[in-house]
Protein chains: 2
Amino acid sequence: MTPKMKATPCCGQQHHHQEAVDQVLAHLPQEDLLYDLAELFKIFGDSTRIKILYVLFERELCVCDIAQLLGMTQSAVSHQLRILKANSLVKFRRQGKTVFYSLDDDHVRSILALGMEHIQEE
Amino acid sequence: MTPKMKATPCCGQQHHHQEAVDQVLAHLPQEDLLYDLAELFKIFGDSTRIKILYVLFERELCVCDIAQLLGMTQSAVSHQLRILKANSLVKFRRQGKTVFYSLDDDHVRSILALGMEHIQEE
DNA sequence: TGAACACATGAACAGTTGTTCATATGTTTG
DNA sequence: CAAACATATGAACAACTGTTCATGTGTTCA
């Protein structure tokens, strides 16, 4: 990360702050990891996808059932399932013409649950 | 949720599916809760904000230190801190001219940790 | 094999979002 | 009080994202 700040050294240099900056830098995860993490949460950050995940919380469902439950186009649902699949949040199995989707692992459930806890606190 | 699907009843009506749909509907959280949940994850879904959160993981920092660490404008950081604050992900305390930010509660740490686990699995 | 069905996907358009730039607010110090 | 400093905020613009519409792929069944 190259600083883009101006010559203005912002809150002087003779603070406790330089020590703080150094300490943080020592423990900061790699930039690309943080980027991937943001990408992951971006997937959860859409109400359509959240609804799909919650609808799959208890059991697998086929695409058109999801669409019916959510009152959405099959196409829209399919596009979102594609994204969820690409990020390993859902898996699928094919049975004849229909494709059944389900949550991929328990991380998904845990993350959803933690998020729920947070918003229900305030 | 009002179904917007066409008259095409999509994958017939005489499937196992109707039963599935009913079961899911019985356990589905309220629509506005799901919406709020998506809004929460949307906050985590930006790499700048993720970086800010991680930079605050171990200790509080002032705005300009965060900006320096991230190589970003003070303004950009301030805008993001505003969003994080509004969603109770960070809190702040004022000390003279400088404002120190820190993570608001441990949910934030837990959610970040779970996300990290997920992306490091594949 | 061909029609019907369930699902996938590409292009395009509208709405949303993050950054920049300029400026405002609030605090300290002389 | 005025100047300096740390931070906050409003407007605007570029980039991204989700939906729609049209069409493509793959499977079943007559």
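Being a predicted model, the structure only gives us computed values, none of them experimental. Naming convention: chains lettered A, B, ... in sequence-line order (proteins, then strands); numbering from 1 in each chain. All heavy atoms count here, side chains included; hydrogens, waters and symmetry mates do not.
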- Message: Is A:R94 close enough to D:dT27 that one of its side-chain N or O atoms is under 4.0 Å from OP1 or OP2 there?
- Response: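 It does not, given that no N or O in the side chain of A:R94 lies less than 4.0 Å from OP1 or OP2 of D:dT27.
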- Task: Check whether any side-chain nitrogen or oxygen of A:T98 sits under 4.0 Å from OP1 or OP2 of C:dA6, and answer yes or no.
- Result: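 No.
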- Item | A:D22: side chain to side chain donor-acceptor pair (under 3.5 Å) partners, not counting sequence neighbours |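 Partners of A:D22 under the side chain to side chain donor-acceptor pair (under 3.5 Å) test: A:Q18.
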- Message: Among residues at least two apart in sequence or on other chains, which ones pass side chain to side chain donor-acceptor pair (under 3.5 Å) with B:R93?
- Response: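 Scan of B:R93 (side chain to side chain donor-acceptor pair (under 3.5 Å), adjacent residues dropped) gives B:E60, B:Q95.
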- Measure the OG-CD1 distance between A:S110 and B:I111 for me, rounded to the nearest 0.5 Å.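 With rounding to 0.5 Å, OG (A:S110) is 11.5 Å from CD1 (B:I111).
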- Message: Once you measure the plane-to-plane angle for B:Y54 and B:F57, does it fall in the parallel (<30°), tilted (30-60°) or perpendicular (>60°) bin?
- Response: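 The arrangement is parallel - the two ring planes meet at less than 30°.
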- Would you please classify the geometry between the B:H118 ring and the A:H107 ring as parallel, tilted or perpendicular, with 30° and 60° separating the classes?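 Rings of A:H107 and B:H118: perpendicular, over 60°.
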Between [atom2] of [N] and [atom1] of [X], the distance in whole Å:
X: B:F100; N: D:dT7; atom1: CZ; atom2: P; value: 8 Å
X: B:I43; N: C:dT16; atom1: CD1; atom2: P; value: 15 Å
X: A:Q95; N: D:dG26; atom1: CD; atom2: C1'; value: 16 Å
X: B:K97; N: C:dT27; atom1: NZ; atom2: P; value: 12 Å
X: B:I50; N: C:dT17; atom1: CD1; atom2: P; value: 17 Å
X: A:R82; N: C:dA6; atom1: CZ; atom2: C1'; value: 17 Å
X: B:D65; N: D:dC5; atom1: CG; atom2: P; value: 17 Å
X: B:Q68; N: D:dA6; atom1: CD; atom2: P; value: 12 Å

- Query: So, does A:D46 use its side chain to make a donor-acceptor pair with the main chain of A:K42 at under 3.5 Å?
  - Reply: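 A pair under 3.5 Å: no.
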- Indicate if B:Y35 and B:L28 have the same hydrophobic cluster label, given that clusters are the connected sets of ILVMFWY residues with side-chain heavy-atom separations under 4.5 angstrom.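 No, B:Y35 and B:L28 fall in different hydrophobic clusters.
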- Query: From D:dT20, D:dG10, C:dC7, pick the nucleotide closest to the side chain of A:Q74?
  - Reply: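 Per side-chain heavy atoms of A:Q74, the pick is C:dC7.
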- Task: Could you work out which one of C:dT27, D:dA8, C:dT9 sits closest to the side chain of A:S78?
- Result: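 Side chain of A:S78 sits closest to C:dT9.
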Pairs: protein N or O with nucleotides 13-18 of chain D N or O, under 3.5 Å:
{"from": "D:dG18", "atom 1": "OP1", "to": "A:R49", "atom 2": "NH1", "distance (Å)": "3.0"}
{"from": "D:dG18", "atom 1": "OP1", "to": "A:R49", "atom 2": "NH2", "distance (Å)": "2.6"}

- Query: Considering only heavy atoms and no angle criterion, is a donor-acceptor pair shorter than 3.5 Å present between the side chain of B:S75 and the base of C:dT19?
  - Reply: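 For B:S75, whose side chain was compared with the base of C:dT19, there is no donor-acceptor pair (under 3.5 Å).
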- Task: Answer yes or no as to whether D:dT19 has its base stacked against A:H79, where stacking requires a ring-centre separation under 5.5 angstrom and planes under 30 degrees apart.
- Result: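 Ring-base stacking flag not set for A:H79 and D:dT19.
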- Query: Which part of the nucleic acid, if any, lies within reach of B:Y101 when heavy atoms closer than 4.0 Å are counted: base, sugar-phosphate only, or nothing?
  - Reply: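 B:Y101: backbone/sugar contact only, no base atoms under 4.0 Å.
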